[in-house]
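In what follows, a structure is listed as structure tokens, so that the remarks can point back to it.
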Protein chains: 4
Amino acid sequence: MTRRSTTRDPERTRRHILDAARAAFAHQGLDGARVDAIAEASGVNKRMIYYYFDDKEGLFLAVLEEIYAELSAAGEAMDLAAPPLDALTRYVDFVWTYYHGHPEVIAILNNENLHGGAHLARSLHIRELERPFIDKLARLLQQGEEKGAFRPGLDPVTIHITVIALVYLFLGNNRTLSIFFDRDLSTAVAKKSWREHIQCSVRAIVTV
Amino acid sequence: MTRRSTTRDPERTRRHILDAARAAFAHQGLDGARVDAIAEASGVNKRMIYYYFDDKEGLFLAVLEEIYAELSAAGEAMDLAAPPLDALTRYVDFVWTYYHGHPEVIAILNNENLHGGAHLARSLHIRELERPFIDKLARLLQQGEEKGAFRPGLDPVTIHITVIALVYLFLGNNRTLSIFFDRDLSTAVAKKSWREHIQCSVRAIVTV
Amino acid sequence: MTRRSTTRDPERTRRHILDAARAAFAHQGLDGARVDAIAEASGVNKRMIYYYFDDKEGLFLAVLEEIYAELSAAGEAMDLAAPPLDALTRYVDFVWTYYHGHPEVIAILNNENLHGGAHLARSLHIRELERPFIDKLARLLQQGEEKGAFRPGLDPVTIHITVIALVYLFLGNNRTLSIFFDRDLSTAVAKKSWREHIQCSVRAIVTV
Amino acid sequence: MTRRSTTRDPERTRRHILDAARAAFAHQGLDGARVDAIAEASGVNKRMIYYYFDDKEGLFLAVLEEIYAELSAAGEAMDLAAPPLDALTRYVDFVWTYYHGHPEVIAILNNENLHGGAHLARSLHIRELERPFIDKLARLLQQGEEKGAFRPGLDPVTIHITVIALVYLFLGNNRTLSIFFDRDLSTAVAKKSWREHIQCSVRAIVTV
DNA sequence: TATGAATGAGGATTCATTCAT
DNA sequence: AATGAATGAATCCTCATTCAT
């Protein structure tokens, strides 16, 4: 498990640390994660964490920035070239698939919210990021509106947050929801069902 | 602000500890919160925390159980006696108002999800709780369906989670959303706007 | 060496820590001294150091304050009831004997000067201390002047610092002086000789 | 302020390191000074410190030896060609001016004493140094004695240490003395006054 | 029921030093 | 001669928890 980076490869060392940190922060949070454990898991000398990231918070911020950069990059990869309703379906699917495939993102973002977004606010890189999700969604809504398929005046940010909310909460709070409502929401069936519910809901929200 | 409970009042001591713990867990999470700080804030000797709650996790569970009990009790207080669409509006308002008035609930539940719902799963009290929200919502959807105002076959749990998602994510992730989308979502205007968006959305989802 | 304080005796615990700290700071300085070593030497759980003194600097300050308190108390014990010249001799002897018997005081005060008197400046207790050395010396100089034995207008603080200088530097810098001037100043003979030199010098300074 | 010595200039590199080290040791002591900080301040790669001075202690010793060499050189520059009393004044002035202009010398020598003169004792260069201060002072005392101005049998080392004591302690312990005696001794007036006091005192000590 | 004192394992971080180039 | 990367042993300090009263 512990990979030894015998060769002198700064980029690789950084990579190993970031990967281990991401997993650790996702599972135990900023406060629960242990620097020792991250070092151990990354197969890198503990000292290197401080060499590259200053301190635990710096490491957390680096993870956070990477998450947002990936989020932004994911938007670039999304292809919505299709008739409005189909594109809308694709779009929702994309968001669902993204968070479903990156559950650690949810945990880490929740953690950042717990801390009032303090790290993110201090970040210099976040501001420079593009938000392709919004741009592409904006164009989609525009086209749908022009074709008379969608309601006029829809705000892409609002719609995007709506989709995120429906995806994110279901996935991120799956355990407590399951327990409280006494219904296992972690099964493939429950997920499929919820995914369809999101599709229907979003369609209902944007259509006339 | 540190209340000294010199008098021997068990119930009051428990209360003080729970209140301080709730605030602490909401602000720093289970791992970030400090037993010392909780004792200090509650004006109670640290030893008492162990006397009443065994350990930190026991205290967290107690807070969690109280939150769910209050959640359940809040459902009881909700009055949906009105025509379906009006009742629906009231219902959404109720959920919004509840979480808006209890932001610490969101933080603590997120924390419990971070830990995979481990505490909740162990709780004996949770199972016994009624879920009045669901029951009342079920009746409402039933009535709406009978009157031809709502779609048939709506699942109250699904609808409830939908509303929670739209409320909870906006409130709980307000900071990171604001930063990432470069739009201050914490203003009264932004909140009002989002609240209306939820109302419209839910209506669109349940209506034919 | 390691005394175990099995009994619960706060005062004794504090005492043990302070004693060990004093020795440690005297030998390795604030930065060189190790908290672990102090705990070990005092036979007290390391955690207690932080319990009683907050941190290493707090411990250093406590040592410093104790040193000054003892310095002040030593002044009280000094009896100068004698004819001026005899009293002067006694006084110089007292200062010499004090520092000679408390070499750690010199090391610690030097350390505090290294840090620009930062700790002392923050101390609240220092200001309240009496300076009996000065008061008694003032009276002595006054009497000597009246009897025509001493020069008029002598400033007690100046004279006191003079005596301290002659005592303190010889004792505190004994090693480097010995090496540089290639003459062993640590022998009993050298000390006796220097002590007499101080007596003569001070007498020369104050007499007409 | 960090000078980059991109060019390969061994002497310059050594110089930069020594300068930075001297300042660091003067301000934080041997234990408090950080090798990293010294490297940073000297604009030289940290590895070079080990290349030129073996380790931290070696660097400290190098600084120490330089200090003593300068001290010795300063003695050479001192010109006491004047009538005994005038020469004595000049001499005291010289010592005062020297330490006043090189306050870091005091801090570093104190540090060396804290460590029991261990580094100095191991030094090979110290033994070879001339002590022109002593030689010149010896001649001065000799002349004064011959002219009947000074007491016979004065020991130049004793007198020199006396002067150093009066200069050194006032300057080196200025902060703690000021605080303890509640009198600001760092002002120009206080310094001038003390300097005159030394002059008078030394004259009183050596004259008949 | 309540409290101040005590504990030991562990936590983040720092340090002087060395390696590989 | 010079450098960025790497190391492991410490170092200060914190934490949840328990003891003795």
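Proteins come first, then strands; the chains are lettered A, B, ... in the order of their sequence lines, and each starts at number 1. Every value quoted in this text rests on a predicted model; they were computed, and no experiment measured them.
Without hydrogens or angle criteria, A:Arg175 side chain to B:Gly116 main chain gives a donor-acceptor distance under 3.5 Å. Without hydrogens or angle criteria, C:Gln28 side chain to C:Arg34 main chain gives no donor-acceptor distance under 3.5 Å. For the pair C:Asn110 (side chain) and D:Asn110 (backbone), a donor-acceptor distance under 3.5 Å is absent.
Following rounding to the nearest Å, D:His16 (NE2) and F:dA2 (P) show an atom-to-atom distance of 11 Å. Between the NZ atom of D:Lys56 and the P atom of E:dT18 there is a distance of 14 Å, rounded to whole Å. As rounded to whole Å, 16 Å separates atom P of F:dA16 from atom CZ of B:Phe53. Between the CZ atom of C:Arg15 and the C1' atom of E:dA5 there is a distance of 18 Å, rounded to whole Å. Between the OH atom of A:Tyr50 and the P atom of F:dT7 there is a distance of 16 Å, given to the nearest Å. Rounded to a whole Å, the CG atom of D:Asp54 is 16 Å from the P atom of E:dA16. When rounded to the nearest whole Å, the span between CG of C:Asp31 and C1' of E:dA16 equals 15 Å. Taking atom CD1 on C:Ile17 and atom C1' on F:dC12, their separation rounds to 15 Å, with Å as the unit.
A residue-by-residue look at D:Asp36 and A:Ala37 shows that A:Ala37 has its nearest nucleotide of DNA chain E further toward the 5' end. Place D:Glu57 and A:Val35 on DNA chain E by their nearest nucleotides, and A:Val35 ends up nearer the 5' end.
With F:dA16, F:dC19, E:dT17 as the candidates, the nucleotide lying closest to the side chain of B:Arg47 is F:dC19. Comparing E:dT1, F:dT7, E:dT18 by their nearest atom to the side chain of B:Tyr52 picks out E:dT1. Distances were taken from every side-chain heavy atom of B:Met48 (C-beta onward) to each of F:dT7, F:dT18, E:dT1; the shortest belongs to E:dT1.
Within the structure, a side-chain polar atom (N or O) of D:Arg34 is placed less than 4.0 Å from OP1 or OP2 of E:dA16. Residue A:Thr13 places none of its side-chain N or O atoms closer than 4.0 Å to OP1 or OP2 of F:dA5. Contact annotation: C:Asn45 does not reach the phosphate of E:dA6 (side-chain N/O to OP1 or OP2, under 4.0 Å). At the phosphate of E:dT7, neither OP1 nor OP2 sits under 4.0 Å from any side-chain N or O atom of C:Tyr51.
We find that A:Glu66 and A:Arg15 are joined by a salt bridge, their nearest charged nitrogen and carboxylate oxygen being less than 4.0 Å apart.
A:Lys46 contributes no side-chain N or O that forms a donor-acceptor pair with the base of F:dT7 under 3.5 Å.
For C:Glu112 and D:Thr176, the side-chain atoms include no donor-acceptor pair closer than 3.5 Å.
A 3.5 Å limit on both hydrogen-bonding distances identifies F:dT7 as the Watson-Crick or G-U partner of E:dA16.
Within the 4.0 angstrom heavy-atom criterion, only backbone atoms of the sugar-phosphate kind lie near A:Ala33; the bases stay farther away.
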